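Notes follow the structure.
Both counts, for ligands and for their atoms, begin at 1 and track the order of listing. No experiment lies behind these values; they were computed from the predicted model shown. The figures that follow rest on heavy atoms only: side chains count, while hydrogens, waters and symmetry mates do not.
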Amino acid sequence: MKILLTGGSGYIGSVTTELLCNDGHEVVVFDNLERGHREAVDPRARLVVGDLREPRPIRETMQAVQPDAVVHFAAYALVGESMQNPLQYFENNVGGGLHLLSALLHTGVKKIIFSSTCATYGEPAVLPMTEDLPQRPTNPYGESKLMLETALRWEQQRRGIQPVFLRYFNACGATEKYGEDHEPETHLIPNVLKVALGQTPAVPVFGDDYPTPDGTCIRDYIHIVDLARAHILALEQDVTGPFNLGTGTGFSVQQVIDACREVTGHDIPVHISPRRPGDPPSLVAGAEKAKRVLGWAPQFAELKTIVRHAWEWHQAHPQGYAGRE
Ligand code: UDP
């Protein structure tokens, strides 16, 4: 297949590009390199530098490439930042996404795999979370992803777009080549590993008074390779609609820190900090639909394996991509 992939210089996009190239697919990455890294784009892919917030570059690229399908990652993805600056999220995630949709319609490309999120559900009334739960986001990030899902769904009815919404839980881990490098880093596992690397003195724990067994938030941590594989399965099959992607097991912030202590052998000091606005207490995936319909199954569901892969990558790239030869 010939795939146009937006956001291929980011964390999930880089690994999905790598796996698509491994499988022999032709990949064109469309990316503005604002938050990603040129070094994270697999050299087997072609990189087109462009910004989705402008309508023309993506339309021209789509017309020139004539892909069989699109995989759309390019977006801002931080809950906390979205609470500080909602407009930024709507301009990029919704505005940029609509330019991409318009380019799809203009070129006649039907299939799009959209990088969505469990944040579209907001605070779920029941766990684990299945795809039929109401979507009531509690932050602009989740809302922006839901808005693009909605636009895609209407154009599915109207003009036969074939969208797949992959609603991720917490992406983590690494391949040998590609890992997580954000500036500033806000995600739990890389922040804990920075302490183990001696780059920061302690990791903040954002709230220890949540209604969970140890008082810290519970999330479903899913290996980046398992996430990437779900995209490939969704591309290969004649499917549309939402799929939750998680392991189905939740771990608290405290449990993640303990796993990092075990894997790294460092004692990783913590400091208890105020809650981070917009964080729901517990998010755990019900991913039976992805298993049943896509034939997907996480291969690296063990938290320690995920942490070990992340740790190996961070040790090899202590300064992230900036330190790469
Ligand atoms: N978290 C934390 N300290 C950090 C980073 C994150 O306590 O330095 C918590 C955060 O409040 C949330 C969980 O870890 O409960 C996962 O956060 P992350 O930012 O990794 O992913 P999110 O769930 O926001 O997508």
Side-chain angles (χ1 to χ4, degrees), residues 10-12 35 73 75-85 89 93 115-124 127-129 137-146 166-174 179-197 199-224 227 244-247 249-261 264 266 268-285 303 306-307 309-311 314:
Y11 176 41
I12 310 176
R35 296 198 170 177
F73 294 101
Y76 294 138
L78 302 178
V79 168
E81 181 185 59
S82 80
M83 297 291 281
Q84 297 297 322
N85 194 347
Y89 273 66
N93 297 6
S115 165
S116 189
T117 169
C118 63
T120 58
Y121 296 111
E123 293 195 15
L127 293 177
M129 297 155 69
T138 53
N139 52 63
Y141 166 60
E143 187 84 67
S144 70
K145 291 284 182 173
L146 177 56
L166 298 183
R167 297 184 186 145
Y168 313 150
F169 284 66
N170 287 60
C172 45
E180 193 166 8
D181 179 12
H182 297 111
E183 184 51 46
E185 189 53 77
T186 63
H187 293 106
L188 179 61
I189 292 176
N191 273 354
V192 178
L193 296 179
K194 274 178 194 291
V195 181
L197 280 172
Q199 295 176 350
T200 47
V203 66
V205 171
F206 297 135
D208 67 348
D209 56 354
Y210 281 97
T212 60
D214 66 20
T216 64
C217 285
I218 291 176
R219 294 286 182 275
D220 185 330
Y221 294 89
I222 169 84
H223 197 294
I224 192 88
L227 271 187
N244 288 348
L245 295 176
T247 63
T249 305
F251 292 99
S252 71
V253 170
Q254 187 58 55
Q255 287 175 309
V256 170
I257 295 168
D258 287 340
C260 292
R261 286 181 175 136
T264 64
H266 289 70
I268 307 179
V270 304
H271 58 89
I272 306 302
S273 306
R275 290 182 178 195
R276 194 171 65 177
D279 274 346
S282 293
L283 300 172
V284 180
L303 183 58
I306 291 173
V307 169
H309 289 178
W311 178 230
H314 284 282

Exercise for the section: Look at ligand 1 and say whether Tyr221 reaches it with a heavy atom at a distance under 4.0 Å. Expected result: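 Flag set, Tyr221 near ligand 1.
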Problem - Close side-chain approach of Tyr221 to Leu188, heavy-atom, < 4.5 Å - result: yes
Exercise for the section: Validate the cation-pi geometry between Arg275 and Tyr210: distance from NZ or CZ to the six-membered ring centre under 6.0 Å, angle to the ring axis within 45°. Expected result: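 The answer is yes; both the distance and angle limits are met.
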Handout entry: Any donor-acceptor N/O pair, Thr216 side chain to Val253 backbone, under 3.5 Å
Key =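 Checking the backbone N and O of Val253 against the side chain of Thr216, a donor-acceptor pair under 3.5 Å is found.
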Problem - His187 N/O to ligand 1 N/O under 3.5 Å - result: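 It does not: no N or O of His187 is found under 3.5 Å from an N or O of ligand 1.
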Practice task
Check whether any N or O atom of Val203, backbone or side chain, sits under 3.5 Å from an N or O atom of ligand 1, and answer yes or no.
Solution key: no
Handout entry: Check: Tyr141/Glu81 side-chain N/O donor and acceptor closer than 3.5 Å
Key =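 Result is no, nothing qualifies.
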Exercise for the section: Scan side-chain atoms only and decide if Tyr76 and Arg35 contain a donor-acceptor pair under the 3.5 Å cut-off. Expected result: no
For [atom], which protein heavy atom lies nearest, and how many Å away is it?
atom	result
atom 9 (C) of ligand 1	Val253 CG2, 3.8 Å
atom 4 (C) of ligand 1	Phe206 CE1, 3.5 Å
atom 8 (O) of ligand 1	Asn191 ND2, 3.1 Å
atom 11 (O) of ligand 1	Asp279 OD2, 2.6 Å
atom 20 (O) of ligand 1	Leu188 N, 2.8 Å
atom 25 (O) of ligand 1	Asn170 ND2, 3.7 Å

Handout entry: Atoms in ligand 1 with a heavy atom of Pro204 nearer than 4.0 Å
Key = 2 (C), 3 (N), 4 (C), 7 (O), 8 (O)
Problem - Which of the ligand 1 atoms, numbered from 1, are nearer than 4.0 Å to a heavy atom of Val205 - result: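 Near Val205, the atoms of ligand 1 are 7 (O).
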Can you tell which of [options] gets a heavy atom nearest to [atom]?
atom	options	value
atom 5 (C) of ligand 1	Val270, Thr186, Ile272	Thr186
atom 18 (P) of ligand 1	Lys194, Gln254, Arg275, Arg276	Arg276
atom 15 (O) of ligand 1	Gly207, Cys217, Ser282, Pro280	Cys217

Practice task
Could you walk me through whether Ser115 and Tyr168 pass the side-chain hydrogen bond (donor to acceptor under 3.5 Å, both in side chains) test, one step at a time?
Solution key: CA-CA 7 Å; Ser115 165; Tyr168 313 150; 3.3 Å; yes
Problem - Option passing side chain to side chain contact (heavy atoms under 4.5 Å, CB included) with Phe169 (candidates Thr247, Asn244, Val284) - result: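 Only one of Thr247, Asn244, Val284 forms a side chain to side chain contact (heavy atoms under 4.5 Å, CB included) with Phe169, namely Asn244.
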Problem - Arg219 contact mode with ligand 1 (heavy-atom cut-off under 4.0 Å) - result: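 The part of Arg219 near ligand 1 is the side chain, not the backbone.
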